[in-house]
Number of protein chains: 2
Amino acid sequence: MSDPRLTALARSLPETVPFVGAEVQERQRGRPFAARIGANESGFGPSPAAVAAMQDAATDVWMYGDSASWDLRIALSAKLGIEAEAIAIGAGIDGILNDLVRLFASDGSAVVTSDGAYPTFAYHVAAHGGRLETVPYRDDFEDPEALVAKAAETGARLVYHANPDNPMGTWHEPETIARMLDALPKDALLVLDEAYAEFAPGGQSLPLDTTDRRLIRLRTFSKAYGLAGLRVGYAIAPPDIIRAFDKVRDHFGIPRISQAAALAALGDEAHLARVIGQVESARERIGRIATDNGLLALPSATNFVAVDCREDGAFSRRLVQALAAQDVFVRMPFRAPQDRCIRVSTAPDEVLDVFADALPVALSEARKG
Amino acid sequence: MSDPRLTALARSLPETVPFVGAEVQERQRGRPFAARIGANESGFGPSPAAVAAMQDAATDVWMYGDSASWDLRIALSAKLGIEAEAIAIGAGIDGILNDLVRLFASDGSAVVTSDGAYPTFAYHVAAHGGRLETVPYRDDFEDPEALVAKAAETGARLVYHANPDNPMGTWHEPETIARMLDALPKDALLVLDEAYAEFAPGGQSLPLDTTDRRLIRLRTFSKAYGLAGLRVGYAIAPPDIIRAFDKVRDHFGIPRISQAAALAALGDEAHLARVIGQVESARERIGRIATDNGLLALPSATNFVAVDCREDGAFSRRLVQALAAQDVFVRMPFRAPQDRCIRVSTAPDEVLDVFADALPVALSEARKG
């Protein structure tokens, strides 16, 4: 029973976790995973320059980090060709989503997302007392027209859309996002989650326009840059929207060592290009492994591949468990019909070797029902 | 003007920062500080074991941190002799206060603190729409009886009390806190901020009792452990209160490298003991510097010293600015009569040398009015 001193909203919330972490599962299993390909982390690792920056910064961590993350914002500003005042640094996209939902929807406003899209967004909406409205995927793609139509119907304050998408790995061209913006109700803000933007075909995305008040874009150092364990993400929006984070954020919340590493990672464009190439090769390899086992890899614009198992969600769940029994950590979409898939992160060849060996065993186990 | 899509609460909030960071001031000045003794950081630095742990963990940061911070909680559990389920890890005490205020007071409930106590707590209360009620300090001490009386009068949900206190450095004996608990209204939760507990006389604090539902205690690796730039704090309370954080927290928000460093720091008790000794010596030295300049150092149970300048707040403000002009970063209490003081963090001798040289110059500058 919840403590009666909690707010009514807090009492109503489950003690939930959007994802069960790899380490939590390892403790439950009593055994580590041999292939950690379930959380879309970058097994290709961070830039050596970022590693060196962390090692240098290690003796400086007695100091709080810069509350303005200024050096990082200036570097992003130079790289992206936008003003630093249009950039907010947050504790990963998760941390930014938390503050964003709080700022725009904690008064019970409607918020639109796709049913089965990023669960952590839905978690923050529930936990801030927002009203979640969903539309279905359409052929494994998020459906921009339906998202916008639902926003108009519900008077939504926020519309969440990930492009490229997680968990399906699908992607809309920049022109589609531009049309979505043109159709967006004027009281809504489009939250464009671009966590996987670096992996989109040709690195294409909507041109940056920091005067566009219809849009806030979220990016991260957790995926292509391989710094998930440091918690650094950023938001791009018109400066007055960016300043709104200053109303509620933990001003000293971005670790000093994380700021130093992200800054160094940003400067190592060769490493980023190498990782993008490695991810492409690994996506192809996952595709071959899928085909070899009678499964179907969906096209991916991310660092993971949704593999269609051509069965139902119950089968996928059995397969995820059977893979875990083979020491392979993967996840799967939560909603039908996307839950006919498992989601496999790209990784170095030796890790995908483990997956390739485990998959036929796990499939035969899962087929036993 | 605030974006009309923000919640009414968010629109009403200033784009404020509880403290202006040292780096922000350095950019404004165009010059670094030579003595960084304004934020109660530990210039004595982190444990070498923590530095080594960070350097080792640097290559692992492509992985998200353990969402349960389990190894760290187990180590704290063993050290403190309480169950791991009574411990929550958060992004520093600031991050924990954010979630705590959200859980207990974001419905507009009253919250009690001392006028001039930790501003970040008041910031979170305002930003979550809680109702802040304050009582004055009493002879530079927080006033437990007044806090409890105000809680009864206002029907407060949370009562914040820092022991040892920041910004005054004063301290109440465990017996006083026990009496405070006994007088606490039953609908209130005492938030006991023990950020500086390691520096209290003889390390004394109220015995840990994780069945006591009247109390949540907050501690940190930012002060005695010298890891402010990593953002790791923890809360101690009955397990069901601890589980409430799982309703709202960023589950993957504690950096992997921060967990590793805190774990290693916790294991280096010799370093901790050394720092506590260094802090004691530095407090005495700050006291001598104060006396040499006709000022009065207040007794301190923390890693900083409130130095009474025997003038008013306007004088202290001029002195803080004049010290900054001498490249010395200090802060001062925000409220009268505590603002007759400046607050000076302990630091190694070579840093206090800079302070000792700067103080007479700055005092004569401040006395010009």
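It should be emphasised that the depicted structure is a prediction, and the values quoted were computed from it without experimental measurement. Protein chains get the first letters and strands the later ones, always in sequence-line order, with residue 1 at the start of each.
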Checklist line | A:A105 portion near chain B, given a 4.5 angstrom heavy-atom threshold | finding: backbone
Notebook entry, point to check: Please, which pairs that meet salt bridge (Lys or Arg N to Asp or Glu O under 4.0 Å) have at least one residue in residues 36-58 of chain A, sequence neighbours excluded?
Noted result: A:E23-A:R36, A:R36-A:E41
Notebook entry, point to check: Which value, rounded to the nearest 0.5 Å, describes the distance between A:E15 atom CD and B:I242 atom CD1?
Noted result: 11.0 Å
Next item on the list: Could you have a look at B:I254, B:V232, B:V20, B:D250 and say which one has the most heavy-atom pairs with chain A under 4.5 angstrom?
Entry: B:D250
Margin query: On a heavy-atom basis, which atom in A:P46 and which in B:A58 lie closest, and how many Å separate them?
Written below: CG-O, 4.1 Å
Item checked: Between B:D94, B:D66, B:L13, the one whose heavy-atom pairs under 4.5 Å with chain A are most numerous -> B:D66
Item checked: Contact check, side chains of A:L9 and B:S106, non-hydrogen atoms, under 4.5 Å -> no
Check: In terms of heavy-atom pairs under 4.5 Å, which option from B:V51, B:L103, B:T59, B:V24 contacts chain A the most?
Finding: B:L103
Item checked: salt_bridge(A:R213, B:D3) N-O dist < 4.0 Å -> yes
Next item on the list: Indicate the atoms forming the closest heavy-atom contact of B:T7 with A:R102, along with that distance.
Entry: CG2-O, 3.9 Å
Note to self: With a 3.5 Å distance limit and no angle check, can you tell me whether A:R231 reaches the backbone of B:F252 through a side-chain donor-acceptor pair?
What the structure shows: yes
Next item on the list: State, yes or no, whether a side-chain contact exists between B:I257 and A:L230 at a heavy-atom distance under 4.5 Å.
Entry: yes
Margin query: Test your reading of the model: is there a side-chain donor-acceptor pair from A:K247 to the backbone of B:A10, 3.5 Å cut-off?
Written below: yes
Notebook entry, point to check: Any side-chain heavy atom of B:H251 within less than 4.5 Å of one from A:Y123?
Noted result: yes
Next item on the list: Please look at A:S109 and chain B and tell me whether the side chain, the backbone, both or neither of the residue comes under 4.5 angstrom of a heavy atom of that chain.
Entry: neither
Margin query: Are the side chains of B:R157 and A:L6 in contact, using a 4.5 Å heavy-atom criterion?
Written below: no
Margin query: Between B:H128, B:E26, B:M63, who has the most heavy-atom pairs with chain A when the cutoff is under 4.5 Å?
Written below: B:M63
Note to self: Taking A:Q55's backbone N and O only, do any of them form a donor-acceptor pair with B:Q55's side chain (distance below 3.5 Å, no angle check)?
What the structure shows: yes
Checklist line | Contacting moiety of B:F221, where chain A heavy atoms sit under 4.5 Å | finding: neither
Notebook entry, point to check: Can you name the nearest heavy-atom pair linking B:M54 to A:V61, along with the distance?
Noted result: CE-CG2, 3.6 Å
Margin query: A side-chain contact here means heavy atoms from C-beta on lying under 4.5 Å apart; do A:H124 and B:V248 qualify?
Written below: no
Item checked: B:R27 versus A:A68, closest heavy-atom pair with distance -> NH2-CB, 3.5 Å
Next item on the list: Go through the atoms of A:A52 and report whether side chain, backbone, both or neither lie under 4.5 Å from a heavy atom of chain B.
Entry: neither
Item checked: Minimum heavy-atom distance A:A39-B:Y64, with the two atoms named -> O-CE1, 3.7 Å
Check: Would you say B:S222 and A:W62 make side-chain contact, with heavy atoms under 4.5 Å?
Finding: no
Next item on the list: Ignoring hydrogens and angles, tell me if any N or O in the side chain of A:R256 forms a donor-acceptor pair with the backbone of B:L227 under 3.5 Å.
Entry: no
Check: Picking from A:A188, A:A8, A:P48, which has the most non-hydrogen pairs under 4.5 angstrom with chain B?
Finding: A:A188
Next item on the list: Would you mind telling me which of A:A50, A:A261, A:A22, A:A127 has the largest number of heavy-atom pairs within less than 4.5 Å of chain B?
Entry: A:A127
Next item on the list: Flag the one option from B:L158, B:I241, B:L189 with the top tally of heavy-atom pairs under 4.5 Å to chain A.
Entry: B:L189
Next item on the list: For chain A, find which of B:S258, B:P238, B:A53, B:G43 contributes the most heavy-atom pairs closer than 4.5 angstrom.
Entry: B:G43
